[in-house]
Amino acid sequence: MNVLLTGGAGYIGSHIAVELAEAGFDIIIVDNYSNASKEVIHRIEELAGKRVFAYEVDVCDKAALSEVFRKHDIDAVIHCAGFKAVGESVQKPLMYYRNNLGSTVTLLETMEEFGVNRIIFSSSATVYGVPKALPYTEDMETGPCTNPYGSTKLMSEQIITDAAAARPEMSAVLLRYFNPVGAHPSGRIGEMPSGVPNNLMPYIAQVAVGRLESLGVFGDDYPTKDGTGVRDYIHVVDLAKGHVAALKYSLEQSGVDVFNLGSGQGSSVLDLVRAFERANGLKIPYRILPRREGDLPAYWADADKAERVLGWKVERTLEDMCRDTWNWQKNNPNGYDE
Ligand code: UDP
């Protein structure tokens with residue numbers, strides 16, 4: 001069965017590719033490499049133990065995308081391609097709307113033209129906006145989002161939902177990710193942010209490797225157990241396996257369904273620092289800084305629906321996430337550019 005994976009060279013996409021291959025699917029990757037290295041494809045093939053097709057294609061480019069659909073008899077699509085930096089989306093909202101919405105529309109049009117009916121979409125817990133209650137459940141009201149990146153995810157969910165309503169043969173699964181971290185246990189693929197990382201785990205990893213001096217903890221006066229921000233961290237391999245479960249589910253049903261992909265557990269910034277130190281026998285120097293603008297104090301997933309309906313739940317602990325992050329970081333201090 002042929003699965004088209006957009007953004008398949010990215011951090012999450014590459015892990016999905018490996019898990020799909022392991023589950024016996026054939027993979028066709030499209031990626032414009034705007035935030036990924038071509039070396040990733042070799043690493044995916046090495047881990048998958050088989051050839052994957054990869055095309056340098058921007059999902060917004062209808063002609064180029066159609067060419068891929070012409071070449072391959074695609075059974076389902078997993079749509080991960082998109083810009084994902086929250087801060088940048090505030091600075092360049094139009095670039096985010098054009099890219100993230102344009103790609104979703106172009107992909108859906110192309111799917112319709114070629115009679116492809118199944119789509120799994122990379123959404124985000126950010127669609128819930130400011131928490132109305134915790135944990136987040138899938139039937140909770142969504143939005144308004146706190147930044148344009150989040151809005152592109154929420155709007156893409158709506159676009160896919162409307163497209164599916166107009167084509168009853170369609171099956172769409174919207175996956176709302178919590179905070180994906182970690183790396184493949186082989187240390188061959190992982191996250192490599194360009195420049196100084198915005199996100200907590202890659203920042204800690206770069207402190208550990210000596211590239212950055214100390215972690216700045218954004219606020220210790222939140223109404224949480226230790227005053228630092230609380231999130232639901234999920235190992236990227238668990239997240240990738242969630243896509244395989246969602247894909248199998250989409251083969252058996254039609255309509256739209258939505259699932260949180262999280263652990264169901266909230267962890268604070270200091271929990272993560274301590275888990276990293278424990279898992280790797282390292283010290284992570286940190287200092288307390290003021291709160292970061294736009295940050296929510298705390299949120300985590302109700303992960304029951306995914307377990308009940310998809311038969312999927314996380315299997316990896318915070319320590320596993322920290323160990324695998326460090327294994328990747330220390331073996332690839334310069335990312336894919338060896
Ligand atoms: N955080 C921090 N220092 C950093 C980066 C993040 O203290 O250098 C905190 C941030 O305030 C939040 C948590 O870590 O409470 C997770 O932040 P991240 O940017 O990884 O994810 P998001 O805010 O998008 O959930």
Side-chain angles (χ1 to χ4, degrees), residues 10-12 35 82-91 96 100 122-131 134-136 145-154 175-183 190-209 211-236 239 260-277 284-301 303 318 321-322 324-326 328-329:
Y11 167 47
I12 292 171
N35 189 25
F83 293 155
K84 61 172 188 180
V86 171
E88 185 185 50
S89 80
V90 177
Q91 304 303 320
Y96 270 67
N100 289 6
S122 292
S123 189
S124 165
T126 191
V127 302
Y128 292 111
V130 175
L134 284 169
Y136 289 143
C145 296
T146 50
N147 57 72
Y149 159 74
S151 299
T152 69
K153 289 296 177 190
L154 185 54
L175 298 178
R176 294 178 178 158
Y177 305 168
F178 282 68
N179 285 54
V181 297
E191 183 173 21
M192 191 40 67
S194 50
V196 177
N198 293 312
N199 298 110
L200 179 60
M201 185 68 108
Y203 203 106
I204 291 177
Q206 293 202 10
V207 171
V209 84
R211 197 194 277 204
L212 296 167
E213 215 165 280
S214 77
L215 170 71
V217 175
F218 297 141
D220 68 348
D221 56 353
Y222 285 112
T224 59
K225 62 177 183 175
D226 59 20
T228 67
V230 165
R231 297 288 183 274
D232 184 336
Y233 296 95
I234 171 170
H235 196 298
V236 66
L239 185 82
N260 289 336
L261 294 187
S263 72
Q265 303 277 329
S267 303
S268 73
V269 175
L270 295 181
D271 284 338
L272 202 66
V273 169
R274 285 192 207 100
F276 197 96
E277 291 181 337
I284 302 298
Y286 68 87
R287 61 201 193 287
I288 306 296
L289 296 180
R291 293 179 177 189
R292 179 170 67 180
E293 204 186 329
D295 268 357
L296 294 169
Y299 61 84
W300 62 94
L318 214 52
M321 301 175 209
C322 295
D324 292 336
T325 298
W326 179 228
W328 151 253
Q329 178 73 61

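Just follow the structure's listing: the first ligand is 1, and inside any ligand the first atom is 1.
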The one among Y286, Y149, Y222, Y233 that brings a heavy atom closest to atom 13 (C) of ligand 1: Y233
Sub-4.0 Å atoms of ligand 1 with respect to non-hydrogen atoms of V217: 7 (O)
Structural part of L200 in contact with ligand 1, heavy atom criterion under 4.0 angstrom: both
Numbered atoms and elements of ligand 1 in range of R292, under 4.0 angstrom, heavy atoms: 10 (C), 17 (O), 18 (P), 19 (O), 23 (O)
Atom 7 (O) of ligand 1: the protein heavy-atom neighbour that sits closest, reported with distance to 0.1 Å: F218 N, 2.9 Å
Polar contact flag for L215 and ligand 1 (N/O pairs, less than 3.5 Å): no
Heavy-atom side-chain proximity of D232 to S263 below 4.5 angstrom: yes
Donor-acceptor pairs are to be reported for all side-chain atoms of residues 193-204 against protein atoms at under 3.5 Å, with residues two or more places apart or in another chain.
none

Side chain, backbone, both or neither: the part of Y299 lying under 4.0 Å from ligand 1 by heavy atom: side chain
Non-hydrogen atoms of A208 and F276 that approach each other most closely: CB-CE2, 3.7 Å
Side chain, backbone, both or neither: N179 near ligand 1, heavy atoms under 4.0 Å: side chain
Selection from L212, T126, N198, I288 by shortest heavy-atom distance to atom 5 (C) of ligand 1: N198
Closest candidate by heavy atom, reference atom 18 (P) of ligand 1, pool N199, I204, V86: N199
Which segment of L289 sits under 4.0 Å of ligand 1 when only heavy atoms are counted: neither
Ligand-side contact atoms (ligand 1) for residue partner D295, heavy atom cut-off under 4.0 Å: 10 (C), 11 (O), 23 (O)
Cation over ring face, R176 and Y128, 6.0 Å, 45°: yes
Side-chain heavy-atom pair L296, P131 within 4.5 angstrom cut-off: yes
Side chain to side chain donor-acceptor pair (under 3.5 Å) assessment of D226 paired with S268: CA-CA 7 Å; D226 59 20; S268 73; 2.7 Å; yes
Among P197, G216, S268, closest by any non-hydrogen atom to atom 3 (N) of ligand 1: G216
Which segment of F178 sits under 4.0 Å of ligand 1 when only heavy atoms are counted: neither
For atom 15 (O) of ligand 1, the protein heavy atom that lies nearest, with its residue and separation: G229 CA, 3.5 Å
Qualifying side-chain hydrogen bond (donor to acceptor under 3.5 Å, both in side chains) pairs with a residue from residues 287-296, counting only residues at least two apart or across chains: S214-R287, D221-R291, R292-D295
pair I234-Y177: side-chain heavy atoms closer than 4.5 Å: no
Any N or O of Y203 closer than 3.5 Å to N or O of ligand 1: no
Pairwise side-chain contact, M192 with W328, heavy-atom cut-off 4.5 Å (strictly under): yes
Ring centroid separation Y136 to Y299 under 6.0 Å: yes
V269, portion touching ligand 1 at heavy-atom distance under 4.0 Å: side chain
